[in-house]
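Residue numbering restarts at 1 for every chain, and letters A, B, ... go by the order of the sequence lines.
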Amino acid sequence: MTQKLTIYNTLHRKKEEFVPYHPGHVGMYVCGPTVYGDGHLGHARPAITFDLLFRYLQHLGYKVRYVRNITDVGHLENDADQGEDKIAKKARLEELEPMEVVQYYLNRYHKAMEALNVLPPSIEPHASGHIIEQIEYVKKIEEAGYAYESNGSVYFDVEKYNKEHHYGKLSGRNIEDLLNTTRALDGQQEKRNSFDFALWKKADDAHIMRWPSPWSDGFPGWHLECSAMGQKYLGEHFDIHGGGMDLLFPHHECEIAQSVAAQGHECVNYWMHNNMITINGQKMGKSLGNFITLDEFFTGNHESLAQAYSPMTIRFFILMAHYRSTVDFSNEALQAAEKGLNRLMEAYSNLDKLTASPNSTVEIAPLRQKMYDAMNDDLNSPIVISHLFEAASIINRVIAGNDTIDAENLALLRATMELFMFDILGLKKEEKAGSNNEEAYGEAVNMLLQLRMQAKANKDWATSDMIRNKLTELGFVIKDTKDGFEWKLDK
RNA sequence: GGUCUCUUGGCCGAGUGGCUAGGCACCGGUCUGCAAAACCGCCUACAGCAGUUCGAAUCUGCUAGAGACCUCCA
């Protein structure tokens with residue numbers, strides 16, 4: 001492990017050298033999707049960002065346990081008291097079992113992730129499968145004195161917690177600000193303070209998804225699953241917790257409060273947050289209804305899309321921006337990504353055409369190190385890509401005769417492109433979207449036979465026979481008909 | 001309203017005190033029967049104003065604009 005990775009820690013608002021809690025091992029938790037709808041472009045961002053990190057950490061030699069949860073319970077529709085579980089609501093609309101809805105969208109999510117070449121995490125725990133752990137977690141917070149029960153629900157006592165700890169240390173808030181920004185839509189008499197958050201919610205009669213607990217039949221609060229499952233699979237201390245910036249507050253802030261309350265200490269060393277994808281300058285999100293699903297990108301079936309964009313184009317597009325910057329979606333930007341990616345892929349294919357010279361006018365080792373430097377600098381994928389384009393340029397210049405490369409550098413060039421393009425950035429070759437090989441080859445055969453017809457008309461028997469003989473040799477059976485031809489492949 | 005962030009060339013997007021990425025598009029050239037690709041070259045930007053400095057896209061202040069969070073959200 002000669003490379004020194006630095007990552008931006010949201011907790012301290014600065015880049016820090018990454019030092020794992022247990023040498024050689026990394027525990028990493030990332031907030032996954034709520035599976036009550038199709039994944040959209042915004043979901044691809046954290047998946048790809050932390051896939052990049054996962055791949056790079058593994059390349060550096062760490063044994064990584066990567067946990068990405070599936071939220072399938074507990075998110076409330078509107079404000080905490082009147083809302084009903086999002087998944088339960090959707091289920092009733094579609095007259096399906098809640099878990100049927102979960103399974104349906106989870107399958108589709110996995111399919112999209114696979115298309116994007118996002119590696120599966122080590123563990124993908126479901127919130128619904130960890131109700132017991134969550135109840136135990138609430139008990140611990142209760143025992144520590146940071147929770148109170150109210151009408152069958154349990155809330156976190158933020159005011160009390162804040163007397164001994166800083167509630168808001170991650171998001172840069174303080175409790176006074178939160179008091180001043182009380183929302184008009186509150187009306188939550190159960191809570192002592194508007195900023196208290198639910199640990200356990202009593203379910204009303206209409207609520208389908210419910211579990212028994214010491215307090216009521218109900219469901220866990222939505223910050224709880226990450227604390228409980230993170231602790232279960234990664235321990236009381238682990239290295240990295242990631243997610244979208246929009247989860248910073250309140251979700252991750254509450255997680256910290258929960259773990260400090262339950263365990264007496266924080267459990268995460270590095271908090272990482274990816275920025276949002278915007279559309280017309282606005283965040284792409286469910287609530288705004290301005291999202292484009294991944295399937296729509298892959299098929300081009302959306303009014304805002306000028307064409308279909310392949311999964312690798314989407315992946316490359318996301319990697320062309322740094323994960324902490326916003327990325328604005330536009331057809332021009334995606335088309336630029338598509339063309340740029342093609343250029344890289346073609347250059348990689350052109351490696352086969354290179355022949356080594358005794359002398360080299362290019363040196364690959366410094367270029368390779370620059371790619372490492374960029375990755376080490378808080379996963380600066382745009383810089384890595386710029387150096388990949390430099391590598392592509394070298395390949396093309398050697399072919400054009402403007403540069404020469406020796407065998408050693410050529411081998412290193414190939415290894416470097418494979419390492420960074422395929423292993424670390426996770427790009428892969430893909431068939432052109434919508435193309436059908438067999439159909440295209442068939443049309444080419446038709447064209448040859450058309451040419452043969454013309455040759456026959458011109459009594460150019462040499463050309464006509466040459467085409468027929470050559471095709472027969474290749475395994476085609478040609479039959480002349482009264483006004484044309486037929487062919488089939490006899491294999 | 002509170003807290004925070006951002007504003008880079010036609011478009012996307014790095015860069016955080018001097019060496020001024022990269023991609024896409026455009027334009028000129030080489031190559032080519034023509035084209036495409038490739039190669040060579042061109043375009044040299046940092047919202048505005050003021051300040052700090054030998055020197056600022058980069059630091060400070062103000063102004064303008066945009067966005068995020070404060071409510072489920074990747």
Work out how far the C1' atom of rU16(B) is from that of rU58(B), and round it to whole angstrom. 4 Å
When both distances are under 3.5 Å in a Watson-Crick or G-U wobble arrangement, the nucleotide paired with rU44(B) is none
NA contact type, Asn275(A), heavy-atom cut-off 4.0 Å: base, sugar-phosphate, or nothing? base
Flag the pair Phe156(A) / Tyr148(A) as yes when their ring centroid distance falls below 6.0 Å, and as no otherwise. no
Hey, is the side chain of Thr326(A) poking within less than 4.0 Å of OP1 or OP2 on rC6(B), counting only N and O atoms? no
If the cut-off is 4.0 Å, is Asn380(A) near the phosphate of rG15(B), judged by side-chain N/O to OP1 or OP2? yes
Assess the pair Tyr233(A) and His130(A): is the distance between their ring centroids shorter than 6.0 Å? yes
Taking the ring of Tyr270(A) and the ring of Phe18(A), is the distance between their centroids below 6.0 Å? yes
Pairing partner (Watson-Crick or G-U wobble, both distances under 3.5 angstrom) of rC24(B): rG10(B)
Kindly state whether the ring of Tyr372(A) and the ring of Phe420(A) have centres lying under 6.0 angstrom apart. yes
Answer for the Watson-Crick or wobble partner of rU30(B), both distances under 3.5 Å, is rA38(B)
Proximity to RNA chain B (any heavy atom under 4.0 Å), residues of residues 113-124 of chain A only: none
Among Glu255(A), His273(A), Arg68(A), which one satisfies side chain to side chain contact (heavy atoms under 4.5 Å, CB included) with Cys31(A)? Glu255(A)
For rU5(B), the nucleotide meeting Watson-Crick or G-U wobble distances (both under 3.5 Å) is rA66(B)
Roughly, in whole Å, what's the span from CD1 in Ile383(A) to P in rG23(B)? 12 Å
Taking only side-chain N and O atoms of Arg343(A), does any of them lie within less than 4.0 angstrom of OP1 or OP2 on rA38(B)? yes
Below the 4.0 Å mark, does rG67(B) have OP1 or OP2 next to a side-chain nitrogen or oxygen of Lys283(A)? no
Would you mind telling me which residue lines up with the more 5' stretch of RNA chain B, Leu41(A) or Ala337(A), judged by nearest nucleotide? Ala337(A)
